[in-house]
There are 2 protein chains.
Amino acid sequence: MDTTIPALPQSAPLYKEVKRHVMAALASGEWKPGAAIPAERRLSERYGTSIGTVRKAIDELCAENILIRQQGRGTFVASHNRDRMLFYFFHVVPADGPKAYPDVEFLAFTRGKADRVVAERLALEPGDAVVRFRNRLRLAGTPIMVDDITLAAARFAGLTERQLRTRPSTLYNLYQYSFGISVVRTRERLRAVAADGDIAALLDLAAGTPLLQIRRIACGYHDEPVEYRVSHVSTANHEYYAEIGT
Amino acid sequence: MDTTIPALPQSAPLYKEVKRHVMAALASGEWKPGAAIPAERRLSERYGTSIGTVRKAIDELCAENILIRQQGRGTFVASHNRDRMLFYFFHVVPADGPKAYPDVEFLAFTRGKADRVVAERLALEPGDAVVRFRNRLRLAGTPIMVDDITLAAARFAGLTERQLRTRPSTLYNLYQYSFGISVVRTRERLRAVAADGDIAALLDLAAGTPLLQIRRIACGYHDEPVEYRVSHVSTANHEYYAEIGT
DNA sequence: CCCAATTTGTTCGTATGTATA
DNA sequence: TTATACATACGAACAAATTGG
């Protein structure tokens, strides 16, 4: 794993240096997801700065949802549980009614090579080995979404179909706990497309029905691409929800 | 205009109180968009707190893009210029090529009454007076988007078709400078829909073409709804772009 | 139930650096 | 050059929440 600390300008503020060191410790796995990192006082000793400087570094990491502070308890490495998936990375909500966890059906798994597009999205060379799989998601029993996911085989060494099929929690939880890869950022591009026969069938829709297509790149601590995902959502009774400025 | 300070728990931290007071001053128009607010030192005197407490309040308002700090110059009230519109509230980007300013054509203007849906979105009573207007947006000459916008007439007293037609800058700039209403937040719900004949014609598309529909509620300082907007986007060569976790 | 230790949260103050006008 | 304003960094004290005895 890449645990190097990206270069900073000579005159970078101290708290930015501290932040980089903390992120390096996270990326290296020194501090595990879900666990507490050392107390602010101990970090200030470790890095030779004042507590205020450590706090400012951690403030930024909390704002990015990479760390979570809890008064009286400590500061914890954000871990990918169902709640985080639902409230942070999953933007499909019922048009009316409360947000809910989707049920996932694992549909297909193949190994292959990256074409030009996927290579560019995942920062690979064309021809590099990838794994692909497809999930169908249901809300309240109704199929609403098909996910086609591509991973770089090299970054998920030893990944098996069985792991994907029988994972106990979310996909990002599996990446994090089984492969030490934490997704902390995503970039999504949305379009309206006509459903092809394949996906229409999986969603119980007529071919040609307008679907919301989401192309997501999920990135790790150093902004390195981790996963490429194309989702097709039936928006008859569901919507993609985005808030800006909160 | 509503310049009341929302209630806070008895034991609210000082910096939160300061933040509310600053927001009240903004909402009341005491500090105008684009202008500098008083220096931190002066604010600390005004509110009887330390400078650090004022900084913490302003930190939060900067994080929410309500204020903008510039070292050596001062702290400014965010104003709605074209750049802010483009980089913060406008999420439609070319599938390839750089982001650009859309050209706006004003197409239609009507006065009417709020139906149940609009009333709920704009926090009005059904039957309250509203103004509606339609814009077509082009990028590089090609029509890509139709906006249908609804405003509460009471909140935009004296608004004329001419103002909308001849506005020199963005719509949100007009709201801000002519009506003292600042949009600081939006909530958007996205769906894929089939183009109806009306909108298809405006976008040079066949009826039934899948379009991205965006239903946006724009809100002010106290989260009060200001504008309801339904956009239909042709995503043949453009996309809706969203970043999470940055 | 209370107490003590630990940890983060808030508030104050001060000094110095850096950018701007 | 000087004055102003924000940015960084340090330190100290106390508050509030949590945990374990």
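Every chain is numbered from 1 and lettered A, B, ... according to where its sequence line falls, protein lines coming before strand lines.
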Between the protein and nucleotides 19-21 of chain C, list every N/O to N/O distance that falls short of 3.5 Å.
unit_1 : atom_1 : unit_2 : atom_2 : d
C/dA21 : OP1    : B/R73  : NH1    : 3.2

Could you check how far [atom1] of [X] sits from [atom2] of [N], rounded to whole Å?
X	N	atom1	atom2	result
B/L67	D/dA5	CG	P	16 Å
A/Y15	C/dT18	OH	C1'	13 Å
B/K56	D/dA15	NZ	C1'	13 Å
B/E17	C/dT10	CD	P	13 Å
A/F76	C/dT8	CZ	P	8 Å
B/L61	D/dC6	CG	C1'	16 Å
A/K19	D/dA9	NZ	C1'	18 Å

Would you mind reading off the bend of the helix from C/dC2-D/dG21 to C/dA21-D/dT2 from its two end axes, five pairs each, to 10 degrees?
20°

Just the table, please: protein N/O against nucleotides 12-15 of chain C N/O, every pair under 3.5 Å.
unit_1 : atom_1 : unit_2 : atom_2 : d
C/dC12 : OP2    : B/S50  : N      : 2.9
C/dC12 : OP2    : B/S50  : OG     : 3.0
C/dC12 : OP2    : B/T53  : OG1    : 2.4

Could you label the plane-to-plane angle of the A/Y172 and A/F89 rings as parallel, tilted or perpendicular, counting under 30° as parallel and over 60° as perpendicular?
perpendicular

Assign the ring pair A/F133 / A/F106 to parallel, tilted or perpendicular, where the plane angle (0 to 90°) is split at 30° and 60°.
parallel

If only atom types and distance count, is the side chain of B/Y221 paired as donor or acceptor with the main-chain N or O of B/S28 below 3.5 Å?
no

A/Q176 side chain to A/H80 backbone, donor-acceptor under 3.5 Å
yes

Could you list by number each residue of residues 34-46 of chain B showing a heavy-atom separation from DNA chain C of less than 4.0 Å, or answer none if no residue does?
none

Under a 4.5 Å cut-off applied to non-hydrogen side-chain atoms, are A/V131 and A/L159 in contact?
yes

Do the side chains of [X] and [Y] get close enough for a salt bridge, i.e. N-O under 4.0 angstrom?
X	Y	result
A/R229	A/D147	yes
B/K56	B/E60	no
B/R55	B/E40	yes
B/K19	B/E64	yes
A/E224	A/R155	no

Between B/T75 and D/dA5, is there a contact of a side-chain N or O with OP1 or OP2 at under 4.0 Å?
no

Residues two or more places apart in sequence or in another chain: which of them pass ring pair (Phe, Tyr, Trp, His ring centres under 6.0 Å) with A/F156?
A/Y175, A/F179

Salt bridge (charged side-chain N to carboxylate O under 4.0 Å, His left out) involving A/D223 - partner list, sequence neighbours excluded:
A/R185, A/R187

If you take the centroid of each ring, where Trp contributes its six-membered ring, are B/Y241 and B/H91 closer together than 6.0 Å?
no

